[in-house]
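Data first, discussion second: the structure below is written as structure tokens.
Throughout, a chain's letter reflects where its sequence line sits, starting with A, and its residues are numbered from 1.
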2 protein chains.
Amino acid sequence: MGKIFDDEYFMREALKEASTALEQGEIPVGAVIVCNDRIVARGHNAVEALQDPTAHAEILAITAAANALGNKYLSGCTVYVTVEPCPMCAGALYWARPDRLVFGTGDEKRGYRRHTPQLLHPATRVTNGISEEKARHLMKKFFDDLRKTREG
Amino acid sequence: MGKIFDDEYFMREALKEASTALEQGEIPVGAVIVCNDRIVARGHNAVEALQDPTAHAEILAITAAANALGNKYLSGCTVYVTVEPCPMCAGALYWARPDRLVFGTGDEKRGYRRHTPQLLHPATRVTNGISEEKARHLMKKFFDDLRKTREG
């Protein structure tokens with residue numbers, strides 16, 4: 001029998017956040033931060049709602065997690081995010097130093113992995129490709145709908 | 001006669017923010033954001049006070065400026081910051097797209113310029129070295145005091 005609280009379980013929670021973003025007309029990215037199998041913070045992209053270019057899912061979740069834990073370091077935590085973080089969010093993860101980053105689908109254009117030297121803290125291990133198809137599907141739906149709106 | 005509202009003038013305002021950070025025991029970095037010769041937002045590093053790893057001067061000022069202007073893009077604005085931005089803040093500047101970034105002293109260890117491809121948006125022009133000595137002096141004072149405290 002599999003572990004109940006595994007990466008797929010928490011990524012499903014991050015995908016719920018991404019779906020909420022999609023419903024609100026935002027680029028659908030969601031994140032949850034987990035410590036000892038407990039979700040200590042959730043966030044979804046809110047750039048349009050807040051008209052704040054820094055209001056990415058990861059930034060909102062990191063701020064909320066640090067606040068919940070009373071600690072600027074997220075040691076012992078795992079950050080789940082549906083899409084590969086951008087350099088801003090990778091830079092925030094550098095300062096927050098979670099034990100792990102788990103993301104769904106890669107982002108060839110804006111993903112942090114294009115940059116050298118690497119942007120994450122060396123203490124942070126990375127797992128990718130968890131629920132990749134679902135995360136990518138949400139992103140595709142957003143951009144397909146956007147194209148239809150613009151062409152219509 | 002020189003222009004009253006020049007880069008040195010606004011950098012002095014950013015240095016005031018950095019001094020406030022120093023008084024509060026924070027790494028002394030300050031920022032102001034200027035549109036049409038008017039300061040629309042100010043910020044200083046508040047990572048320790050807020051226990052928030054994302055609470056750098058630039059992030060706080062960008063969020064405040066976008067809020068003040070009701071626009072996620074800072075077109076037409078100049079961001080003044082006393083120290084070269086880190087990758088997180090450069091990544092935030094990428095999304096905010098100000099016309100200009102002006103910074104005081106460089107940061108060899110954590111500055112965004114070490115990274116390729118470049119982290120700033122190509123639309124953002126960069127000026128550095130404005131009031132460099134003053135910005136560097138504040139940083140040196142912080143780290144000298146920290147060393148004394150640790151050694152004492």
Side-chain angles (χ1 to χ4, degrees), chain A residues 26-27 29 31 33 41 43 45-75 77 79 85-98 107-121 124, chain B residues 26-27 29 31 33 41 43 45-75 77 79 85-98 107-121 124:
Chain A
E26 306 275 355
I27 295 177
V29 184
I33 299 183
N45 181 26
V47 166
E48 299 304 326
L50 301 175
Q51 283 295 298
D52 179 350
T54 75
H56 286 199
E58 301 94 313
I59 299 284
L60 300 175
I62 289 168
T63 296
N67 193 44
L69 301 170
N71 195 328
K72 64 179 175 173
Y73 294 120
L74 301 181
S75 325
C77 296
V79 175
C86 74
M88 170 178 73
C89 293
L93 289 165
Y94 174 89
W95 296 116
R97 285 192 216 179
D107 182 345
E108 279 184 24
K109 280 192 187 166
R110 301 276 168 258
Y112 77 92
R113 290 179 298 177
R114 293 192 313 137
H115 296 270
T116 54
Q118 72 154 340
L119 293 169
L120 294 179
H121 196 281
T124 302
Chain B
E26 305 275 356
I27 295 177
V29 184
I33 299 182
N45 182 25
V47 166
E48 299 304 326
L50 300 176
Q51 283 294 298
D52 179 351
T54 75
H56 286 198
E58 301 94 311
I59 299 284
L60 299 175
I62 289 168
T63 296
N67 193 43
L69 301 170
N71 195 329
K72 66 180 172 172
Y73 294 120
L74 302 181
S75 325
C77 296
V79 175
C86 74
M88 171 179 72
C89 293
L93 290 164
Y94 175 89
W95 296 116
R97 286 192 216 180
D107 182 345
E108 279 184 23
K109 280 192 188 166
R110 300 277 168 258
Y112 75 92
R113 291 179 298 177
R114 292 192 314 136
H115 296 270
T116 54
Q118 73 154 339
L119 292 169
L120 293 179
H121 196 280
T124 302

>> Less than 4.5 Å apart, side chain to side chain, heavy atoms only: is that true for A:M88 and B:Y94?
In response: no
> What part of A:E48 lies closer than 4.5 angstrom to a heavy atom of chain B: side chain, backbone, both or neither?
Replying inline: side chain
>> Looking at every heavy atom in both B:Q51 and A:A66, which two are closest together, and how far apart are they?
In response: O-CB, 3.2 Å
> Where the side chain of A:H115 meets the backbone of B:P117, is there a donor-acceptor pair that is under 3.5 Å apart?
Replying inline: yes
> Relative to chain B, which segment of A:R110 carries a heavy atom at a distance below 4.5 Å: side chain, backbone, both, or neither?
Replying inline: side chain
>> Ignoring hydrogens, what is the shortest heavy-atom contact between B:P53 and A:K72? Give both atom names and the distance.
In response: CG-O, 3.4 Å
> For chain A, which of B:A55, B:C89, B:A92 has the most heavy-atom pairs under 4.5 Å?
Replying inline: B:A92
> Given the options A:L50, A:D52, A:N67, which has more heavy-atom pairs under 4.5 Å with chain B than any of the others?
Replying inline: A:D52
>> Among B:L93, B:T54, B:T63, exactly one meets side chain to side chain contact (heavy atoms under 4.5 Å, CB included) together with A:T54. Which residue is that?
In response: B:T63
> Do A:Y112 and B:P87 have side chains that get closer than 4.5 Å, going by heavy atoms?
Replying inline: no
